[in-house]
Amino acid sequence: MEFHLSNISTSQPAVSEHVKVLILGSGPAGLSAALYAARADLNPVVLTGMELGGQVSVTYAVENYPGFPEGVGGPQLVELFQKQAERFGARVEFDTATEVDLSQRPFRVRTYNTEYLADTLIISTGASSIHLNVPGETELTGRGVSYCATCDGWFFKDKDVIVVGGGDSALEEGIFLTRYAKSVTIVHRRDEFRAGAILQNRAKENSKIKFLLNSVIEGIKGEQAVKAVQVKNVNNGETTEVPTDGVFIFIGHNPNTALFKGQLELDELGYIVADKRMHTGVPGVFAAGEVADPVFRQVITSAGMGAAAAMQAIHFLEEQESIVETSATA
Ligand SMILES: Cc1cc2nc3c(=O)[nH]c(=O)nc-3n(C[C@H](O)[C@H](O)[C@H](O)COP(=O)(O)OP(=O)(O)OC[C@H]3O[C@@H](n4cnc5c(N)ncnc54)[C@H](O)[C@@H]3O)c2cc1C
């Protein structure tokens, strides 16, 4: 049986656990928030969601996170994040938030296993790249299939790569990849790009970039690494096999915010709207990392936002305590 939210019983769990800081998500943002909250003795609880460690856990190597001159494996990096947070008292639970009620404090968060009452909530549920959903894509992710040129471009020095997409990010990332790759073939389902004119001109003038228009990828082939893609021409239905070393997919990102619709302000793309201090519109609810960041989308920026959100949560709890103390002595 697939695990859908509709499979969850709506009956109330027998016991609710009250926590000062509840963190949704175990990616770089969530685990950094956990480290800061734990070092303030707040015993934060981190709900991992379905992907322990977040997107970086599917990354073969991270070479742009400071402190690791030789690079570090993605799973290894998040394991270190987790250990460091746990050392100061953070608790990591293999569980997923399925329902939230942010209408009053403490905030109620239902999960598959229990219910939490949280004085503060840090949302770091990240975003997921939109996938092509073709055969070979999942199996070869991290082995030639990538959703991040800044992260993985370096591994394709003097190689041939395919970029899928027709928007700004596809062309921008395609142009970026020409720093490394011998050739970049942009595969786009239409004969016109959504990307801006300047980017289109820059791409067309770049001698390393080729275009396969009116074309869609139907499958990605390879055993240990990507070897080829099957490309179908949407005009005549012909399918050809194009040899390649890598496939970079830039057809969009979906922030994981469905749970918060109607309770928090989301922008037109569905990202949580938070201010510079990670505050959402609900006092005590903070958002950090890719769930609130359609722009930078890196480990270091997400970790920074997580730390900032925890610092603000600590500050919020201190303020609440001083209000309680003042009213008790008044
Ligand atoms: C293939 C790939 C390679 C990359 N390489 C690099 C790189 O080399 N360098 C770099 O800087 N960046 C890289 N990135 C980007 C980087 O991984 C992300 O920017 C970063 O992971 C974002 O961190 P985050 O914590 O905001 O969110 P995520 O990493 O997206 O984590 C989100 C977390 O939320 C959890 N979650 C979701 N829904 C729920 C829920 N309902 N309840 C509880 N938890 C939930 C998920 O299980 C997950 O743990 C790469 C990304 C990919 C996909």
Side-chain angles (χ1 to χ4, degrees), residues 13 15-49 54 81-82 84-86 88-93 95-111 113-126 255-257 259-266 271-293 302-328:
V15 186
S16 299
E17 182 179 347
H18 195 150
V19 294
K20 287 185 177 164
V21 181
L22 184 65
I23 298 167
L24 305 187
S26 57
L31 292 174
S32 302
L35 172 64
Y36 274 68
R39 282 177 53 79
D41 276 344
L42 293 172
N43 303 111
V45 171
V46 179
L47 303 186
T48 60
F81 281 1
Q82 181 180 341
Q84 195 171 354
E86 284 174 337
F88 295 101
R91 199 175 96 218
V92 175
E93 291 287 344
D95 207 350
T96 296
T98 55
E99 261 178 61
V100 297
D101 178 0
L102 308 180
S103 62
Q104 55 182 355
R105 285 186 60 242
F107 308 113
R108 277 177 193 276
V109 176
R110 289 286 310 272
T111 72
N113 299 324
T114 186
E115 180 184 66
Y116 292 91
L117 300 176
D119 291 335
T120 58
L121 188 64
I122 297 178
I123 300 171
S124 46
T125 47
N256 299 318
T257 52
L259 271 182
F260 314 106
K261 266 186 195 147
Q263 302 195 61
L264 292 178
E265 189 188 347
L266 307 181
Y271 289 84
I272 293 177
V273 175
D275 68 14
K276 280 185 192 162
R277 296 182 177 211
M278 312 298 135
H279 292 235
T280 67
V282 176
V285 178
F286 305 88
E290 283 204 20
V291 75
D293 169 23
S302 302
M305 290 171 82
M311 288 162 85
Q312 289 302 303
I314 295 163
H315 184 61
F316 177 84
L317 288 169
E318 283 168 356
E319 270 183 358
Q320 297 299 312
E321 272 170 27
S322 72
I323 292 169
V324 173
E325 277 167 22
T326 314
S327 52

Non-hydrogen side-chain atoms of [X] and [Y] separated by less than 4.5 Å:
X: Thr280; Y: Val273; answer: no
X: Glu17; Y: Glu115; answer: no
X: Ile123; Y: Phe260; answer: yes
X: Arg91; Y: Asn43; answer: no
X: Val21; Y: Asp119; answer: no
X: Gln263; Y: Asp101; answer: yes
X: Glu93; Y: Thr48; answer: no
X: Ser16; Y: Tyr116; answer: no

Search all heavy atoms of [X] against all heavy atoms of [Y] and return the closest pair with its distance.
X: Pro283; Y: Phe107; answer: O-CZ, 3.3 Å
X: Ser32; Y: Ala307; answer: CB-N, 4.1 Å
X: Val46; Y: Ala34; answer: CG2-CB, 3.5 Å
X: Ala33; Y: Ile23; answer: C-CD1, 3.8 Å
X: Val285; Y: Leu102; answer: CG2-CD2, 4.3 Å
X: Ala274; Y: Ala292; answer: CB-CB, 4.5 Å

Q) Who pairs with Gln320 by side chain to side chain donor-acceptor pair (under 3.5 Å), at least two apart in sequence or on another chain? A) Arg105

**Q.** Whether over 12 other heavy atoms sit under 6.0 Å from Tyr36 OH
**A.** no

(Q) Atom CZ of residue position Arg277 - does it have more than 12 heavy atoms of other residues, nucleotides or ligands inside 6.0 Å? (A) no

Q: List the steps, then state whether side-chain contact (heavy atoms from CB on, under 4.5 Å) holds for Lys20 with Leu317.
A: CA-CA 8 Å; Lys20 287 185 177 164; Leu317 288 169; 4.2 Å; yes

Q. Does the pair Tyr271 and Glu265 meet the rule for a side-chain contact (heavy atoms from CB on, under 4.5 Å), with working shown?
A. CA-CA 9 Å; Tyr271 289 84; Glu265 189 188 347; over 6 Å; no

Q: Please determine which of Leu264, Val109, Leu22 meets the side chain to side chain contact (heavy atoms under 4.5 Å, CB included) test together with Val100.
A: Val109

Measuring from atom [atom1] of [X] to atom [atom2] of [Y], what distance do you get when rounded to the nearest 0.5 angstrom?
X: Phe88; Y: Leu35; atom1: CZ; atom2: CG; value: 6.5 Å
X: Lys261; Y: Ile272; atom1: NZ; atom2: CD1; value: 11.5 Å
X: His315; Y: Phe286; atom1: NE2; atom2: CZ; value: 9.0 Å
X: Arg110; Y: Leu259; atom1: CZ; atom2: CG; value: 12.5 Å

Q.
Checking side-chain polar atoms at under 3.5 Å, does Asp95 have a donor or acceptor matched by the opposite partner on Thr111?
A. yes

Q | Val19 and Thr120: CA distance, side-chain angles, deciding distance, side-chain contact (heavy atoms from CB on, under 4.5 Å) verdict | A | CA-CA 8 Å; Val19 294; Thr120 58; over 6 Å; no

Q. Does Ser124 use its side chain to pair, donor to acceptor, with the backbone of Leu24 at less than 3.5 Å?
A. yes

Q: Report the C-alpha separation of Val92 and Glu86 in whole Å, then their side-chain angles, then the decisive distance to 0.1 Å, and conclude whether the side-chain contact (heavy atoms from CB on, under 4.5 Å) test is met.
A: CA-CA 8 Å; Val92 175; Glu86 284 174 337; 3.7 Å; yes

